[in-house]
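Working notes, beginning with the structure itself.
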Amino acid sequence: MTDSSIKSMADILAAHPLFAGLDPEITDLLGGCAKNVHFTDGDHLFKADDPADVFYLLRSGDVALELRMPGRGRLTVQTVHAGHVVGASWILPPYRWRFDARAVGTVRATGIDAACLRNKCDADPGMGYQVMQRFLPIIAERLQNTRLRMLDLYAPPAEVGRAL
């Protein structure tokens, strides 16, 4: 007897917004690169400059993307929520994280082995193109959020009460 509530990894991937709508053959193939993971409050999913060897599809919980600022400590650039992706540095060499990622509360996610996914994308360029199309908006959003946070920190203060 099988438990119908138990889902295959391909089903879990297909249910995540990043991979929703992909051909089931692709999610089946990607399922071989995935595993379920759990983090508790304050755990690091990864740290800047470490190898970018896995990325995460958040199923529940929040993750703070942080930059370490000399003399200022940690700066949260963005908080990522369930249904989103943590980590895109796995895509391009040198495959090193550019941010720290820290669990805020309990986090449940699906970890995707980056080398496994890169190999599958290299073997099937059509699939690779579909995966990259889904990651480019994430990268653009992270760059924009980082830019806005840097403006908050370093832009000169607005002049208040200046007469025109």
Side-chain angles (χ1 to χ4, degrees), residues 9-23 26-70 72-150 153:
M9 196 53 69
D11 291 336
I12 292 169
L13 294 177
H16 193 278
L18 179 70
F19 293 130
L22 272 180
D23 184 312
I26 294 175
T27 53
D28 284 343
L29 191 62
L30 298 178
C33 297
K35 68 178 182 178
N36 289 320
V37 295
H38 172 263
F39 299 94
T40 59
D41 188 42
D43 287 349
H44 277 93
L45 284 69
F46 51 79
K47 292 186 178 185
D49 297 321
D50 284 349
D53 51 8
V54 65
F55 68 92
Y56 302 94
L57 308 178
L58 295 185
R59 294 191 328 267
S60 67
D62 298 325
V63 174
L65 300 179
E66 302 171 332
L67 287 172
R68 285 179 255 157
M69 308 271 304
R72 292 182 183 234
R74 293 187 307 210
L75 169 71
T76 299
V77 174
Q78 181 178 8
T79 301
V80 184
H81 310 287
H84 292 271
V85 176
V86 176
S89 299
W90 66 273
I91 294 174
L92 294 171
Y95 309 120
R96 314 252 344 142
W97 295 119
R98 290 167 178 85
F99 297 98
D100 291 347
R102 188 177 44 80
V104 180
T106 299
V107 171
R108 295 192 189 292
T110 301
I112 309 289
D113 180 295
C116 176
L117 181 56
R118 282 193 304 268
N119 289 336
K120 290 182 183 208
C121 288
D122 289 345
D124 182 344
M127 181 189 76
Y129 179 72
Q130 289 183 55
V131 170
M132 292 307 132
Q133 281 184 308
R134 291 163 183 266
F135 266 91
L136 284 175
I138 295 166
I139 294 167
E141 177 190 356
R142 300 280 158 76
L143 286 171
Q144 178 67 2
N145 285 333
T146 302
R147 184 180 81 77
L148 292 173
R149 290 294 286 149
M150 294 298 105
L153 283 176

Nearest heavy-atom pair of Thr27 and Ala10: which atoms, and what distance? O-CB, 3.5 Å

Taking salt bridge (charged side-chain N to carboxylate O under 4.0 Å, His left out) as the definition, give me every residue that meets it alongside Arg98, ordered by chain and number, with sequence neighbours left out. none

List the atom of Ser60, the atom of Ala82, and the distance in Å for their closest heavy-atom pair. CA-CB, 3.8 Å

According to disulfide (SG to SG under 2.5 Å), does anything in residues 94-127 pair up with another residue at least two apart or in another chain? List the pairs. Cys33-Cys116

Please enumerate all residues that pass side-chain contact (heavy atoms from CB on, under 4.5 Å) together with Thr110, with sequence neighbours excluded. Met9, Ile12, Leu13, Ala34, Asn36, Leu57, Arg59, Ile112

Taking all atoms of both residues into account, what is the closest heavy-atom pair of Leu29 and Met127, and its distance? CD2-SD, 3.7 Å

Expected output: side-chain Asp124 to main-chain Lys120 donor-acceptor under 3.5 Å: no

Considering only heavy atoms from C-beta outward, does the side chain of Tyr95 approach that of Arg118 to under 4.5 Å? yes

Closest non-hydrogen contact found for Ala114 with Ala52 is CB-O, 3.8 Å

Across all chains, not counting sequence neighbours, the side chain to side chain donor-acceptor pair (under 3.5 Å) partners of Gln130 are none

List for me each residue that meets side-chain contact (heavy atoms from CB on, under 4.5 Å) alongside Phe135, sequence neighbours excluded, and say none if there are none. Leu18, Phe55, Val85, Ala88, Trp90, Ile91, Val131, Ile138

Nearest 0.5 Å please: distance from the OG1 atom of Thr76 over to the CG atom of Leu65. 8.5 Å

For Tyr129, the side chain to side chain donor-acceptor pair (under 3.5 Å) test, sequence neighbours excluded, returns Gln133

Sequence neighbours left out, what passes side-chain contact (heavy atoms from CB on, under 4.5 Å) with Ala48? Give chain and number order. Arg68, Asp100

Leu22 and Leu30: CA distance, side-chain angles, deciding distance, side chain to side chain contact (heavy atoms under 4.5 Å, CB included) verdict: CA-CA 11 Å; Leu22 272 180; Leu30 298 178; 4.2 Å; yes

Taking all non-hydrogen atoms of both residues into account, name the closest pair between Gly83 and Pro17 and its distance. O-CG, 3.4 Å

How would you list all residue pairs meeting salt bridge (charged side-chain N to carboxylate O under 4.0 Å, His left out) that involve residues 27-44, not counting sequence neighbours? none

Among all residues two or more places apart in sequence or in another chain, which pass the side chain to side chain donor-acceptor pair (under 3.5 Å) test with Asp62? His81

Output all residues satisfying side chain to side chain donor-acceptor pair (under 3.5 Å) with Arg134, sequence neighbours left out; order by chain, then residue number. none

Ring pair (Phe, Tyr, Trp, His ring centres under 6.0 Å): pairs with one or both residues in residues 26-53, sequence neighbours excluded: Phe39-Tyr56, Phe46-Trp97

Output all residues satisfying side-chain contact (heavy atoms from CB on, under 4.5 Å) with Leu58, sequence neighbours left out; order by chain, then residue number. Val63, Val80, Val86, Val107, Ala109

